[in-house]
Structures are given as structure tokens and as C-alpha cells.
Novice: 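Below is a structure I'd like to ask you about.
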Amino acid sequence: MYKIAIQYNNALNYPLSFLPDSVYPESPFKATGNTNKENYVYKMLRDAFISLELDKENIGTTEWNPLERYVKPGNTVVIKPNLVLHKNYRKGHSDDTDCVFTHPSVAAAIIDYVIIALKGDGKIIVGDAPIQECDFETLITKSGYKDVVDYYKKQGVNIQLKDFRGVISRSDYGVLHQTVNPDAEYTIVNMDKHSEFASIGKDELKRIRITNYNPEELLRHHNENVQEYCVAQDILKADCIINVPKPKTHKKAGITACLKNLVGMNCRKEYLPHHTIGSAEQGGDEYCGKSRLKEARTKLHDAFCENVYNEKYLKARICQAEILAIDFYINHFTKDKTSFGSWYGNNTISKTTIDLNKIAIYADKNGVIQDKPQRTFLNVADMIISGQHNGPMAPEPRPVGILLVGENSFASDLVIAKLMRAKIDKIPTLNQLRADDPLIIYDKSNPIEIVSNDERWNGCTPTDLNDGNTFKYKSPDDWEECFE
């Protein structure tokens, strides 16, 4: 059975301090935050562990160690928040970041319980690969992540805060100027026959793309001979991954939650197929209806990316001007405005997402796929304030007041999707699993049971989630038919 904990608090906001507001029997440190304000996030996580009956015999004592089944002394533990971007790209709301990235108060509460499980011996890494234009220093400073990690370092904890990106970009009016991150450590993982792209024909593979990157670069890593990803070594060396997503609606995937959050363990974006060029009628998923105008735009965009890659910036600007003219016409004089895989017909990004989840579970420390899980896994989804409409980079806040904890990412995402009133059969990632795949990431024969402090969810299964106990989310543009 897959057991999912939903902890609810109607405060719908984050605490002022990441420290607990009281000293619990199991607390690793005696320091507390502002006791005039309850740290309900810390309490929500603690109560979720209790509801899941983790280390049930010791609950309420100094010996309680809820993460003992996941974390052992001497382990390396990676806490993987969603640190997509340092600001909100929604026009006029750049500082509205509570719905963009995982709040540090959630990560801090997890760190305390990892410390308990490590018993003074082991390493904690808090890390992610945000989008390449993200200003990581601004993000960790303004958000409070730097303060969190500095606090634990002062307590003698072996902890690091890492930017997994192999390349960092600066955008100059749409042209990306790239700088190699000298501190990035990664391993190329070849999934070969285990990849979701392995069964795709040679000609179709030539059509996969990621927006704003040279197509030749992507096709070096995904072709008839190889299916490979560039994975942070810290992920592969981890004994346990604690995945801490910020669930949002997503313009390319419908929703982003536990499964999609693992895209951030890939260090270089040119390894990540995001869409397949052409219309659905032509076997692609870049846009909906067949359009010669969009075909022309695609060719221009490929030329733009190639010119940027080769540092031919004048030619790139000429391509960019022509693209802008086509976009203006499409946006003002046509009905079908779908583009670059940002619509419900995108079946490419889901394959990438499932591939990376297989790697997280089955790749050994050297990046070789094995037939048995290589590390333990836990998800803690921050839905206290989640995101709706055009996430992941320009979301609107959707206060929900939920912290969701579950061991299986796919089962957790099924519950999250239902809470968002997404139609499960319309979300490609949740329909991507192959019955004959030996690398199992979700067993459909296992039932899902929800435990909660709120009677709306306690004892429910996903089929019990309905309009009375879920939340209305504003769908991404061109995904309207996929949400209730």
C-alpha cells in the first residue's frame, strides 16, 4: 500500500522563523524561533510523520527517529527543493516568490529530522539545478536558504548548499550568453534501452527539441545510439533523496510536482527533450493544428539557436526579428496560439520526466542502471502556497495550506493532481508508464490510502477526492480541458 499523509493548516502562510517554536522531545537542538508566532510548518511535518506511523514505538520520546527507515548513520542525504528561479516572471509580480520555489522553512524542518537519523555521522546536501538564467545567489539570500544552511553549519552539521547547474546563462533580450560553472560535478548516465525514447524511430528522434538550445547539441545525447542525461554526482552518490517540490500547474506538463521536480537533478539543459517539432497531425507535439507559418517559425528558431551557439549574434538577431513578426501575426490574427510544446498535447516532456525518475531510483553511484533500487526516497510537497496558471516560472499564488508526504513519487502525484482537479487521463506524465517496463516506479496493483489531520481526507483514496475536498486551480493556457 502507498500511504500518503496530507497535513492541513488554515493559516495559508509561512512562518517568520525556520526554527521550531518549541523544543520537542526528539529535537536535535534547543534553539527555538519566535515563540509568539507558531511555526506550523515544522509542526505539520512532524504530525505527518506521526500520522504515517514512522518509528511508531518511539513517538513522543527522546528516541523518536521517524526517518530511520530512510536514513542511516554515515549516509549522504540530498534534500532536493524546487529552486526554479529567483523571481516570478509574471508581469508586475516579480517579488511574488512564495508560489515559485520551495519555502526554506519546509527544508529546515526536514533537515532537523535528517540530523536525528544520521546521529552525528553523515552528510547533507541541499541542492537543485534551477533554470540557467536564475541568479542563484539572489535566490538563496532573499529566500532565506543561505541563513538556514549557515545556521546548521554553526551547529557543527556537515551540510552544503549547492547549485547543480553545469552552465549558467545571462539573457540579453532573448539571447543566452553561457558561462560554465566550474564547481559543477556530474556524470553522464546512458539509459539505453531503459529510456522512454528508446522505442522511438530515428526520424522522430531528429525532431525532439528544447526551446532556446542548439538542436544539434540535444541530438548528440538522444539518438538511435544513445539516450543520456547529465546528472549531478551528488544525486548519484546519495543514499537517500528527499524530494521537496513546490506543486504548480505547468504550461508544458500540465502539473509539476514530485515526478517533474527531479528534472532539477540534470545539470545541463541540452540533455532534456521538451517537445517534438511539428503539429499533432504531423506526429509532433510542438503545437496543435498544422500551420505553415509555425513551421517557418520553427525553422527560424532552430537557425536562431544555432547562430547563438556559434556566436553569430547578428544572424541570430535577424532570425529573432523574423520570429517576433510571425509571433505577432499568430497572437493577433489566429485562433491556435499553441507553441513550443506549451499545451496539453505535449507527450515529450513526460518521457524526459519518467527517465529521470528511473535514474534517481535505479542508477548506481557510477551512473549505471541496475535492476534494483539504489537508494531510499521520500517526498515532502510544499502546497502551503502552491502555484496556478502559467507555472513554473510565472505562476499565480494558490494558497492551499497543505504539506503532503509520501514515499512513492507517482502515487503522491496522483493525489496532488486530484487535489488540483486535474483530469488524470489528460496529464501525459501520469499516463506514461509502460506495463512491460522492468524499472518499476509505480505498482498499479498497490492501493493508495490517505491519512490526514483533516476529516476531508483522512481514510480517503484518490477516487474519493471530489469537488468537496479538492481545490479549484486556474489551468495553464491551452490546458483548460485538462482541469475541472
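These values consider heavy atoms only, across backbone and side chains, with no hydrogens, waters or symmetry-generated copies. What you see is a predicted model, and the numbers here were worked out from it, not measured in a lab.
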Novice: Can you see whether Tyr344 engages Ser475 through a side-chain donor-acceptor pair at a distance of less than 3.5 angstrom?
Specialist: no
Novice: Is atom CG of Asp95 surrounded by more than 12 heavy atoms (other residues, nucleotides or ligands) closer than 6.0 Å?
Specialist: no
Novice: Could you walk me through whether Arg170 and Thr179 pass the side-chain contact (heavy atoms from CB on, under 4.5 Å) test, one step at a time?
Specialist: CA-CA 8 Å; Arg170 175 181 58 83; Thr179 304; over 6 Å; no
Novice: Is the number of heavy atoms from other residues, nucleotides or ligands within 6.0 Å of NZ (Lys269) greater than 12?
Specialist: yes
Novice: I'd like to know if the side chain of Asp425 pairs up with that of Asn431 as donor and acceptor (distance under 3.5 Å, no hydrogens or angles considered).
Specialist: no
Novice: Apply the side chain to side chain donor-acceptor pair (under 3.5 Å) test between His221 and each candidate in Glu228, Gln227, Glu270, Arg268; give the one that qualifies.
Specialist: Glu228
Novice: Among side-chain atoms of Asp477 and His389, is any donor-acceptor pair under 3.5 angstrom?
Specialist: yes
Novice: Do the charged groups of Asp135 and Lys87 touch, with an N to O distance under 4.0 Å?
Specialist: no
Novice: Got a sec: does the NZ of Lys337 have more than 12 other heavy atoms crowding it under 6.0 Å?
Specialist: yes
Novice: When rounded to the nearest 0.5 angstrom, what is the spacing between SG in Cys267 and CG in Asn181?
Specialist: 9.0 Å
Novice: Indicate yes or no for a side-chain donor-acceptor contact from Asn190 to the backbone of Asp192 under 3.5 Å, with no hydrogens or angles considered.
Specialist: yes
Novice: Could you tell me the separation between the CG atom of Asn88 and the CG atom of Asn390, rounded to the nearest 0.5 Å?
Specialist: 10.5 Å
Novice: About how many Å separate OG of Ser409 and CG of Asn379, when rounded to the nearest 0.5 Å?
Specialist: 3.5 Å
Novice: For a side-chain contact (heavy atoms from CB on, under 4.5 Å) check, start with the C-alpha distance between Thr256 and Val84, then their side-chain angles and the critical distance, and finish with the verdict.
Specialist: CA-CA 11 Å; Thr256 173; Val84 58; over 6 Å; no
Novice: Taking atom types as modelled, is there a side-chain donor on Lys248 or Asn82 under 3.5 Å from an acceptor on the other?
Specialist: yes
Novice: With a 3.5 Å cut-off and no angle check, do the side chains of Tyr14 and Asp98 form a donor-acceptor pair?
Specialist: no
Novice: Taking the side chain from Arg398 and the backbone from Met420, do they hold a donor-acceptor pair closer than 3.5 Å?
Specialist: no
Novice: If only atom types and distance count, is the side chain of Asn366 paired as donor or acceptor with the main-chain N or O of Val368 below 3.5 Å?
Specialist: no
Novice: Among Lys193, Lys444, Lys358, which one satisfies salt bridge (Lys or Arg N to Asp or Glu O under 4.0 Å) with Asp437?
Specialist: Lys358
Novice: Check whether any side-chain heavy atom of Asp302 lies under 4.5 Å from a side-chain heavy atom of Arg209, and answer yes or no.
Specialist: yes
Novice: Is the closest side-chain donor-acceptor distance between Thr348 and Asp285 under 3.5 Å?
Specialist: yes
Novice: Less than 4.5 Å apart, any side-chain heavy atom of Phe340 and any of Asn212?
Specialist: no
Novice: Does the side chain of Leu293 come within less than 4.5 Å of Phe333's, by heavy atoms?
Specialist: no
Novice: Any heavy-atom pair between the side chains of Asn261 and Lys80 that's under 4.5 Å?
Specialist: yes
Novice: Are His194 and Tyr362 an aromatic pair by the rule of ring centers under 6.0 Å?
Specialist: no
Novice: For the residue pair Ala238 and Ile241, what are the closest heavy atoms and their distance?
Specialist: CB-CG1, 4.2 Å
Novice: Answer yes if the side chains of Asn347 and Ser350 hold a donor-acceptor pair under 3.5 Å, and no otherwise.
Specialist: no
Novice: With heavy-atom distances below 4.5 Å as the criterion, would you say the side chains of Tyr442 and Ile448 are in contact?
Specialist: yes
Novice: So do Pro395 and Val100 actually touch side chain to side chain, heavy atoms under 4.5 Å?
Specialist: yes
Novice: Charged N to carboxylate O below 4.0 Å: is that the case for Lys315 and Glu306?
Specialist: no
Novice: Find out whether the Lys NZ or Arg CZ of Arg297 is both under 6.0 angstrom from the six-membered ring centre of Tyr329 and within 45° of the ring's axis.
Specialist: no
Novice: Consider only side-chain N and O atoms of Gln132 and Tyr213, and report whether a donor and an acceptor are under 3.5 Å apart.
Specialist: yes
Novice: Angle between ring planes, His222 versus Tyr229, binned at 30° and 60°: parallel, tilted or perpendicular?
Specialist: perpendicular
Novice: If you measure from the Lys or Arg side-chain nitrogens to the Asp or Glu carboxylate oxygens, is any gap between Lys294 and Glu286 under 4.0 Å?
Specialist: no
Novice: Within the structure provided, determine whether Val41 and Leu45 are in side-chain contact (heavy-atom separation under 4.5 Å).
Specialist: no
Novice: Distance from Asn346 atom CG to Thr276 atom OG1, nearest 0.5 Å?
Specialist: 7.5 Å
Novice: Measure the spacing between CD of Gln432 and CD1 of Ile441 and express it to the nearest 0.5 Å.
Specialist: 9.5 Å
Novice: Report the C-alpha distance between Ile369 and Ile359 in whole Å, list the side-chain angles of each, state the deciding distance to 0.1 Å, and finish with yes or no for side-chain contact (heavy atoms from CB on, under 4.5 Å).
Specialist: CA-CA 7 Å; Ile369 302 295; Ile359 290 172; 4.3 Å; yes
Novice: In the structure I gave you, are the side-chain heavy atoms of Glu216 and Tyr309 within less than 4.5 Å of one another anywhere?
Specialist: no
Novice: Rounded to the nearest 0.5 Å, how far apart are CZ of Arg421 and CZ of Phe471?
Specialist: 9.0 Å
Novice: Does the ring of Tyr8 carry Arg456 above it, NZ/CZ under 6.0 angstrom from centre and within 45° of its axis?
Specialist: yes
Novice: Would Arg434 and Ile354 satisfy side-chain contact (heavy atoms from CB on, under 4.5 Å), going step by step from the backbone distance to the final call?
Specialist: CA-CA 10 Å; Arg434 293 178 284 118; Ile354 296 300; over 6 Å; no
Novice: Would you say the side chains of Ser445 and Asp443 form a donor-acceptor pair under 3.5 Å?
Specialist: yes
